[in-house]
Amino acid sequence: MAYECILTDTRGPVGLITLNRPDALNALNKQLMDELTDALMKYEADDAIGAMVITGSSKAFAAGADIKEMQPKSYMDVYMEDFITANWETASKVRKPVIAAVAGYALGGGCELAMMCDFILAGENAKFGQPEINLGVIPGAGGTQRLTRFVGKSKAMEMVLTARMMDAEEAERSGLVSRIVPVDDLVEEAVSTATKIAELSRPSVMIAKESVNKAYETMLRDGIMFERRVFHSLFATEDQNEGMAAFAEKRKPAFKNR
Ligand code: CO8
């Protein structure tokens, strides 16, 4: 598969994937997610690779799912196609460790993708948020569930209900990211951390990952399935049409149901 929305590079035992739609702040469209899935699965199957890093640009890890691609979808569309979640979850399903190296915006699906990785290294300028409420929807790829587990109910509720973003310092204080790194060093630091992991005993690393996830994921599946279905149901509302159209037309949304 030839990639147009991501770049891939092998650094010793590390597979480095760079999200690359600079004109759309790396908004996650279907093509990008298909390519990301393909790259993750290739590295997963490659015996020479022991760990992976997903990163974006210094301005944006990813500013969310592609709103312009979602805008025309109806409830029937998103429900029947089980809207893109089939390959959205690959980062959380691979068995080798995946580090998210986040600089700039990680919003909506971008924040959700970072949280699917095993841990997050943040550049000093990182900004995390779940702003879907401004579009008349809610997070749809695990945000309400994973963010709450990372930062606790109060902060997660405020972020999901108000779209408030968290900067890197607050994210580190709250346990969303493991540490903060200068933006210019972020990718190298992530690759060097991934290299250390890749040089360890592979079964120990994979079993350690599985065990930490067991503590974290028990009952998460139920929450995610619930969230996906209610996310779909919001595509039946006028406010979803209005919220997404307003974004594309660069104006303030006039929500009817309030
Ligand atoms: N989708 C599509 N295009 C986008 C997106 C996006 N999420 N974000 C930015 N862009 C585009 C802009 O439209 C703009 O394009 P153009 O130049 O053609 O107008 C370009 O990127 C640059 O963006 P801005 O001019 O807006 O840049 P600013 O620096 O002024 O602002 C922001 C940066 C604050 C990040 C702003 O772009 C923004 O608010 N973006 C949208 C953030 C957002 O709402 N994200 C959530 C999206 S919904 C979602 O992720 C749901 C996930 C559910 C997953 C479902 C699975 C089942």
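Both counts, for ligands and for their atoms, begin at 1 and track the order of listing.
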*asked:* I'd like to check Glu112 versus Arg146 (side-chain heavy atoms, cut-off strictly below 4.5 Å). Are they in contact?
replied: no
Counting only heavy atoms, which portion of [X] has something under 4.0 Å from ligand 1: side chain, backbone, both, or neither?
{"X": "Glu69", "answer": "neither"}
{"X": "Asp23", "answer": "backbone"}
{"X": "Tyr105", "answer": "side chain"}
{"X": "Ala63", "answer": "both"}
{"X": "Lys59", "answer": "side chain"}

*Is a side-chain donor or acceptor of Lys68 paired with a backbone partner of Ala248 at a separation under 3.5 angstrom?*
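Side chain of Lys68 to backbone of Ala248, a donor-acceptor pair under 3.5 Å: no, none is there.
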_Please determine whether the number of non-hydrogen atoms from other residues, nucleotides or ligands lying under 6.0 Å from atom CZ of Arg95 exceeds 12._
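Count not over threshold, so no.
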*Neighbour count above 12 (heavy atom, 6.0 Å) for Tyr75 OH*: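 Yes.
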_I'd like to check whether Arg228 has a polar contact with ligand 1, where a contact means an N/O of the residue lying under 3.5 Å from an N/O of the ligand._
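Such a contact does not occur with ligand 1.
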*When only distance counts, is Trp88 in polar contact with ligand 1, meaning an N/O pair under 3.5 Å?*
no
*Can you list the ligand 1 atoms lying under 4.0 Å from a non-hydrogen atom of Pro131?*
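Reading through ligand 1 atom by atom, the close ones are 43 (C), 44 (O), 45 (N), 46 (C).
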*Per-atom contacts of ligand 1 with Leu135, taking only distances under 4.0 Å to non-hydrogen atoms*: 44 (O), 47 (C), 48 (S)
*Indicate yes or no: does Glu81 engage Lys30 in a salt bridge with an N to O separation below 4.0 Å.*
no
